[in-house]
Amino acid sequence: MNINQYLLSIFQDSLKKINISSDIDIQFDIPRNKEHGDLSTNLAMKLSKELKRSPQDIAQNIVASLNYDKTYIDRIDIAGGFINIKFSQQYYIQQLTNIIAQKKNYGRSNKYSGKSVNVEYVSANPTGLLHLGHGRNAAIGDTLANLYDWTGWKVTREYYFNNAGNQMNNLTKSIYSRYMQILKDENFPFPEDGYHGEYVKTIAEELIKIHKSNLAEGSKNDLAIIKKFGEEWCFDKIKHTLSRMKIKQDVFYNEDSLYKDGKIDTLLNDLESKGLSYKKDGAVWLKFSQLGLENDRVIVKSTGEPTYRLPDIAYHKEKLLRGDDLVVDIFGADHIATIPDVLAGVRAIGLDNNRIKVIIHQFVTLMENGEQVKMSKRTGKSYTLDELLDDVGEDVVRFFLIMRGVNTHLEFDLSLAREQSDKNPVFYLQYAHARICSIFDKLAMQTIDSSKVDLSLLVEQNEINLIKQLILFPEILLSAMQKSEPHIVCEYLREVAAAFHIFYHDCRIIGTEEKLMNARLILSNATKVVLYNGLSILGVTSPQKM
RNA sequence: GCGCCGGUAGCUCAGCUGGAUAGAGCAUCAGCCUUCUAAGCUGAGGGCCACUGGUUCGAAUCCAGUCCGGCGUGCCA
């Protein structure tokens with residue numbers, strides 16, 4: 001039974017009975033102060049103005065004609081203008097049984113079943129290694145995809161890449177230069193905007209192992225070999241890093257296929273025939289000014305190469321035509337400018353851009369001993385995601401990268417992350433899980449059959465508080481998904497862990513009277529289920545021991 | 001200049017579809033282990049919610065303006 005729906009229906013009945021017809025939205029909130037009950041509504045205060053009566057008066061009227069099931073609702077009373085609702089112990093026990101019954105599926109909902117979503121994230125070109133920014137993108141994208149999955153969506157995880165453009169040529173030239181520097185002449189010129197990272201030297205060294213000096217001439221064919229080698233090398237590393245992050249994407253979409261399949265040409269023709277493009281200074285311009293934007297922009301350069309806008313629009317067209325109900329992009333704040341262009345472009349060719357949802361996340365700054373660690377693309381000095389994973393571990397990385405709202409700048413505190421101690425927030429959650437496992441370990445039990453246990457023995461405030469936390473889980477996942485804010489799950493799990501630690505501290509399990517022990521074991525097991533499921537959504541492991 | 005994001009405790013951040021006394025972690029201080037993991041628990045101090053005005057019975061939350069910080073504003077992606 002869904003308690004919110006039930007409450008909604010009895011309140012609507014009550015309003016009908018006392019002849020208040022209003023399309024007012026009835027909302028139930030969890031009061032900050034626990035003494036105010038488990039849920040409260042400000043309905044009476046909202047109606048006050050419309051009805052020109054005092055909130056207290058209206059509230060009394062509503063409550064007097066409320067007809068509710070006393071087995072689940074203990075009482076409903078009035079405080080100021082608020083109507084406060086308190087659930088019965090039996091309600092909590094029934095919910096607890098439900099958690100145990102659903103186990104690994106507890107938290108899943110079917111609210112969005114039948115809908116499908118494509119989530120595109122990471123999408124780094126194979127021109128280098130993943131760094132911290134990609135890490136945040138990856139963690140947010142993957143966690144969101146998990147949240148879509150848990151709320152009923154059919155999910156496709158996608159990675160979009162370009163192995164053909166300027167950037168790739170630049171990498172090729174950079175590798176070639178390092179190759180020549182090692183083999184022939186240490187002063188061999190390095191491309192002006194080349195990739196300075198150490199990894200380029202590594203690629204060159206590995207290239208030499210295989211091809212010796214056979215590529216020294218730098219012919220078109222030689223460069224093609226270098227390009228392919230570089231691309232594969234980078235992709236291997238990227239995929240390896242992602243697998244460490246527990247990320248596996250379903251589709252790797254190559255931008256080049258947009259050209260090969262003629263989708264770019266089709267789009268160009270389409271735009272031209274609609275009179276939305278024109279030639280000027282040897283370039284093709286798109287009339288964004290007719291699409292509600294400020295300025296027209298170049299979509300094909302005078303060199304004949306398209307700018308990023310054209311393939312981006314074609315790619316989104318392609319994704320929309322696949323028929324998913326929702327197409328989600330995860331972008332860093334530096335990509336903000338492309339979004340209006342793509343949306344306008346897609347709308348221009350008659351597609352519904354409301355199906356595109358763009359999540360923008362702000363940057364990550366790496367802090368060490370209270371100082372910012374500077375990164376530089378120019379000198380190649382950077383801290384790669386792989387190095388970070390080596391340094392602090394997979395669980396810490398995944399957790400730290402989503403524990404803040406996507407709109408906030410994320411300060412990644414290396415010193416804190418490295419610390420294997422109580423200061424580190426991930427361990428707080430994992431520790432709660434490990435503690436529960438150790439109880440069952442001690443008793444040499446795997447789990448416990450709830451059907452034979454009298455859960456009505458759970459009457460302590462700390463026990464009820466813990467149950468209250470646990471039953472929020474499905475709603476939390478829905479809310480995190482709807483708001484596209486994975487950090488909501490982090491906050492929630494911290495509260496679950498806190499409620500458990502308090503319970504654990506105050507309520508002994510082993511050594512108490514057997515019936516009570518069994519009831520508490522059920523509660524512990526339910527906590528374990530929530531922690532495990534929640535952490536797995538975040539891509540974090542739940543250790544048995546710590 | 002314009003656009004997007006942010007400004008809440010010493011630090012890092014929740015809270016932002018308006019509600020009751022503004023929260024958490026870290027840091028500081030004071031307590032709790034002969035019984036299930038002290039990576040835990042209990043308590044204390046710490047706030048002009050950037051500023052000004054407006055809307056409202058009620059504003060950290062909504063609106064307008066101002067100030068500060070980040071990102072963007074390419075025939076780069």
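Excluded from the calculations below are hydrogen atoms, water molecules and symmetry mates; all remaining heavy atoms, backbone and side chain alike, are included. From a predicted model like this one, the values you see are computed outputs, not experimental measurements. Letters go in sequence order (proteins before strands), and every chain restarts at 1.
Distance from the side chain of A:Ser438 is smallest for B:C36 among the nucleotides B:G70, B:C36, B:A39. Comparing B:C71, B:G19, B:C41 by their nearest atom to the side chain of A:Asp334 picks out B:C71. In the set B:C57, B:C75, B:C71, B:C71 carries the atom at the smallest distance from any side-chain atom of A:Phe363. Of the candidates B:G69, B:C76, B:G40, the closest approach to any side-chain atom of A:Arg435 belongs to B:G40. When distances are taken from the side chain of A:Arg32 to each of B:G3, B:A20, B:U35, the shortest belongs to B:A20. Side chain of A:Ile336, nearest nucleotide from B:C4, B:A20, B:C13: B:C4. Listed nucleotides: B:G74, B:A39, B:C41. Nearest to the side chain of A:His505: B:C41. The side chain of A:Arg508 has B:U35 as its nearest neighbour among B:C13, B:U35, B:A20. Closest contact between the side chain of A:Thr307 and the listed nucleotides B:A77, B:G19, B:A27 involves B:A77. When each of B:G70, B:A14, B:U12 is scored by its nearest atom to the side-chain atoms of A:Glu491, the top-ranked nucleotide is B:A14.
In this structure, A:Thr408 reaches the B:A14 phosphate: one of its side-chain N or O atoms is under 4.0 Å from OP1 or OP2. Contact between the side-chain N/O atoms of A:His487 and the OP1/OP2 oxygens of B:G15 is found at a separation under 4.0 Å. Distances shorter than 4.0 Å separate none of the side-chain N or O atoms of A:Lys46 from OP1 or OP2 on B:G19. Phosphate contact (OP1/OP2 of B:A27, side-chain N/O of A:Lys423, threshold under 4.0 Å): present.
A:Asn84 approaches A:Ala79 most closely through the heavy-atom pair ND2-CB, 3.7 Å. For the pair A:Ala432 and A:Phe500, the tightest heavy-atom approach, listed with the atom from each and the gap, is O-CE2, 3.9 Å.
Heavy atoms of A:Asn407 sit under 4.0 angstrom from primed sugar atoms or phosphate atoms, though from no base atom. At the heavy-atom level, A:Asp312 lies nowhere under 4.0 Å from the strands shown. Counting any heavy atom pair closer than 4.0 Å across all strands shown, A:Ala434 reaches a base atom. Residue A:Gly282 is out of contact with every strand shown, counting any heavy-atom pair closer than 4.0 Å. At a threshold of 4.0 angstrom between heavy atoms, the contacts of A:Asn84 include nucleobase atoms, whether or not backbone atoms are also involved. At the heavy-atom level, A:Cys490 lies nowhere under 4.0 Å from the strands shown. Across all strands shown, A:Met367 has no heavy atoms under 4.0 Å from either base or sugar-phosphate atoms. Among the atoms of the strands shown, base atoms are found under 4.0 Å from some heavy atom of A:Ile509. Within 4.0 Å of A:Tyr428, counting heavy atoms only, lie sugar-phosphate atoms of the nucleic acid but no base atom. Residue contacts for A:Ser40: at a heavy-atom cut-off of 4.0 Å it reaches a base atom on one of the strands shown.
No side-chain donor-acceptor contact under 3.5 Å links A:Asp329 to the backbone of A:Val358. At least one donor-acceptor pair under 3.5 Å links the side chain of A:His361 to the backbone N or O of A:Phe331. A donor-acceptor pair is defined here as one N or O able to donate and one able to accept, closer than 3.5 Å; such a pair exists between the side chain of A:Asn424 and the backbone of A:Val426. In this structure a side-chain-to-backbone donor-acceptor pair under 3.5 Å is present from A:His316 to A:Asp312.
With both pairing distances under 3.5 Å, B:A20 is matched to nothing as a Watson-Crick or G-U wobble pair. Under the Watson-Crick or G-U wobble criterion, with both distances below 3.5 Å, B:C11 is paired with B:G25. Figure legend. B:C71 is base-paired to B:G3; pairs are counted as Watson-Crick or G-U wobble with both atom distances under 3.5 Å.
Contact check on A:Lys319 versus A:Glu120 returns a salt bridge, with a Lys/Arg side-chain nitrogen under 4.0 Å from an Asp/Glu carboxylate oxygen. Using a 4.0 Å cut-off between charged nitrogen and carboxylate oxygen, A:Asp441 and A:Lys545 count as a salt-bridge pair.
Separating the P atom of B:A39 from that of B:C71 is a span of 41 Å, rounded to the nearest Å. Across the P atoms, B:G31 and B:G19 are found 40 Å apart, a figure rounded to whole Å. If you take atom C1' in B:C16 and the same atom in B:G7, they sit 14 Å apart, rounded to whole Å. Straight-line distance between the P atoms of B:A9 and B:G72: roughly 27 Å, to the nearest whole Å. Nucleotides B:U61 and B:U55, compared at atom C1', are 14 Å apart to the nearest Å. Between B:C62 and B:U8, the two P atoms lie 16 Å apart (nearest whole Å). The same atom, C1', is picked in B:G6 and in B:A14; the two are 14 Å apart, to the nearest Å. With both ends at atom P, the span from B:U34 to B:U17 equals 49 Å, rounded to whole Å.
For A:His36 and B:A20, the ring-to-base geometry satisfies the stacking test (centroid distance below 5.5 Å, interplanar angle below 30°). A:Phe82 does not qualify as a stacking partner of the B:G19 base, lacking a centre-to-centre distance under 5.5 Å together with planes within 30°.
When the P atom of B:A20 is taken as reference, atom CD1 of A:Ile85 falls 16 Å away, rounded to whole Å. Atom NE2 in A:His409 sits roughly 17 Å away from atom C1' in B:U8 (whole-Å rounding). Summarising the geometry, the separation between NZ on A:Lys49 and P on B:G18 is reported as 14 Å, rounded to the nearest angstrom.
Projected onto RNA chain B by closest heavy-atom contact, A:Asn33 and A:Asn424 fall at different nucleotides, the more 5' of which corresponds to A:Asn33. If A:Ala337 and A:Gln27 are placed on RNA chain B by their nearest nucleotide, the residue sitting closer to the 5' end is A:Gln27.
Against the 90° criterion about 0, the sugar-base torsion of B:C33 places it in the syn range.
More than 12 heavy atoms of other residues, nucleotides or ligands sit less than 6.0 Å from atom NZ of A:Lys317.
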